[in-house]
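Whatever order the structure lists them in is the order used to number ligands and atoms, beginning at 1. Heavy atoms only: backbone and side chains are in, while hydrogens, waters and symmetry mates are out. As the structure is a computational prediction, the values presented were derived from the model and not from experiment.
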Amino acid sequence: MIDMTSDACTAKLLICPTASAIGGVLSELIIESCCMPALVARGVFTIALSGGSLPSFLQELPSYCRRTGVDPQWEKWHVLLADERCVASTDAESNLGSIQSNFTNSVPIPKYQIHGIDEELLSESAEAVASAYEAKVLRPLLEISGGMIDCIILGFGPDGHTCSLFPNHPLLKEKSRFVASIDDSPKPPPSRITLTFPVLNNLSRQIIFCGAGSSKRPVLRSIFKSTTHKMIAESTELKHCFAAKTLTVEMVDPAPYPCGMVRTAQCNDSLVWVVDADALE
Ligand SMILES: O=C(O)[C@H](O)[C@@H](O)[C@H](O)[C@H](O)COP(=O)(O)O
């Protein structure tokens, strides 16, 4: 486990001029920095996604691939959920439902490689759903993916939550479970399952946060050190990302914001924040 109190951690911060530019930047990062290296190294690509506004940023992924002539080899993708509300995928609240309608319904990823919760367990408990997801989805995917999820794309709320990890909740201290349940989520619905910090911080090759809008400002101002003064501008080889302002930021003591507690093992390029200017300035 990474000691967040002593380890200095830098991250990449990509600032898009508008929210509509986030999809292109995100597509490029997913394909060029995560998918292609994973396919070359292991012949499989594992990607975890959350809900909220994030799935809408993925709408551009298929057209990005067509436009750039990249073959992402969809048949080798496995999509899992960074968090899910304990509802059926047909429910308007379902994160999987949103991921399907915004993204996976438009690409030929085999249905059985899009890993939702076991809906038969919904009548039992969130805990049963979480345990089954860890045992039957996450652990087998870690096995085919060299022990780490290739890419985890996360949103973050105005309260600083990410996945279904909320400020000051006991789940932030989880050390052993990879997928946990929560029945008192402050954001409805109350029952959910979520990846935990042991996965986010130790078992992910790349984490990309996305968010837009002024409601995110207080969180971003708290988790990056001196965003206005001490950021180092950098160039990038990536075309879309070049259109965004790319900075290296130092992450600071993140309490109480769970999104600021996410520290990939290497930090640096493996921890990326893609936001619009409105979210920062
Ligand atoms: O199930 C959920 O509620 C989401 O997975 C959640 O973690 C979301 O990603 C954030 O709340 C950010 O959402 P917005 O981008 O819509 O603010």
Side-chain angles (χ1 to χ4, degrees), residues 14 16 18-23 25-26 30 47-60 79-104 114-117 119 122 126 129-130 133 138 149 151-169 171-172 174 179-197 199-200 204 207-220 222-223 254 256-262 272-280:
L14 276 68
C16 302
T18 60
S20 60
I22 291 179
V25 170
L26 184 60
I30 292 172
I47 180 167
L49 303 171
S50 30
S53 54
L54 170 64
S56 65
F57 294 132
L58 300 171
Q59 283 175 0
E60 216 172 310
V79 176
L80 68 153
L81 301 168
D83 69 324
E84 179 59 296
R85 293 102 181 256
C86 286
V87 295
S89 67
T90 48
D91 190 297
E93 295 273 22
S94 164
N95 285 346
L96 177 61
S98 174
I99 291 163
Q100 287 170 329
S101 59
N102 280 289
F103 168 46
T104 58
I114 300 169
H115 303 277
I117 55 174
E119 294 182 15
L122 286 174
V129 177
Y133 204 78
L138 182 59
I149 299 301
C151 182
I152 302 183
I153 318 277
L154 301 174
F156 59 105
D159 62 352
H161 83 266
T162 193
C163 292
S164 288
L165 300 168
F166 292 88
N168 305 314
H169 194 279
L171 264 189
L172 304 187
E174 178 59 51
V179 183
S181 61
I182 170 170
D183 283 303
D184 57 356
S185 164
K187 181 181 178 184
S191 291
R192 294 152 167 260
I193 66 160
T194 183
L195 296 184
T196 58
F197 280 121
V199 176
L200 299 177
S204 61
I207 292 190
I208 305 172
F209 280 97
C210 291
S214 58
S215 69
K216 318 279 186 189
R217 266 183 225 165
V219 172
L220 294 181
S222 299
I223 62 173
Y257 299 126
C259 64
M261 299 175 188
V262 173
V272 181
W273 289 75
V274 185
V275 301
D276 69 343
D278 207 23
L280 207 63

Query raised in the report: So do the side chains of Leu54 and Leu26 get within less than 4.5 Å of each other, counting heavy atoms only?
Result: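 Touching, per the 4.5 Å side-chain cut-off.
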Query - Residue pair Lys216 / Val275, side-chain heavy-atom distance below 4.5 Å - result: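 Answer no - side chains too far apart.
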Report task. Report yes or no: does Asp83 contribute a side-chain atom to a donor-acceptor pair with the main-chain N or O of Leu195 at less than 3.5 Å? Result ->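 Side chain of Asp83 to backbone of Leu195: no pair is present.
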Query raised in the report: Looking at Asp183, Val87, Asp184, which one forms a side-chain contact (heavy atoms from CB on, under 4.5 Å) with Ser191?
Result: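 Exactly one pass, corresponding to Asp183.
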Query raised in the report: Does Ser204 have any side-chain hydrogen bond (donor to acceptor under 3.5 Å, both in side chains) partners at least two apart in sequence or in another chain, and if so, which?
Result: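 Once residues adjacent in sequence are excluded, Ser204 has no partner under the side-chain hydrogen bond (donor to acceptor under 3.5 Å, both in side chains) criterion.
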Query - Between Asp278 and Ser214, a side-chain donor and acceptor under 3.5 Å - result: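 No, because no side-chain N or O of Asp278 sits under 3.5 Å from a partner of the opposite role on Ser214.
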Query raised in the report: Listing by chain and number, which residues have a heavy atom under 4.0 Å from ligand 1?
Result: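 Under the 4.0 Å cut-off, ligand 1 touches Ser50, Gly51, Gly52, Ser53, Asp83, Arg85, Asn95, Gly155, Phe156, Gly157, His161, Cys163, Lys187, Arg192, Lys216.
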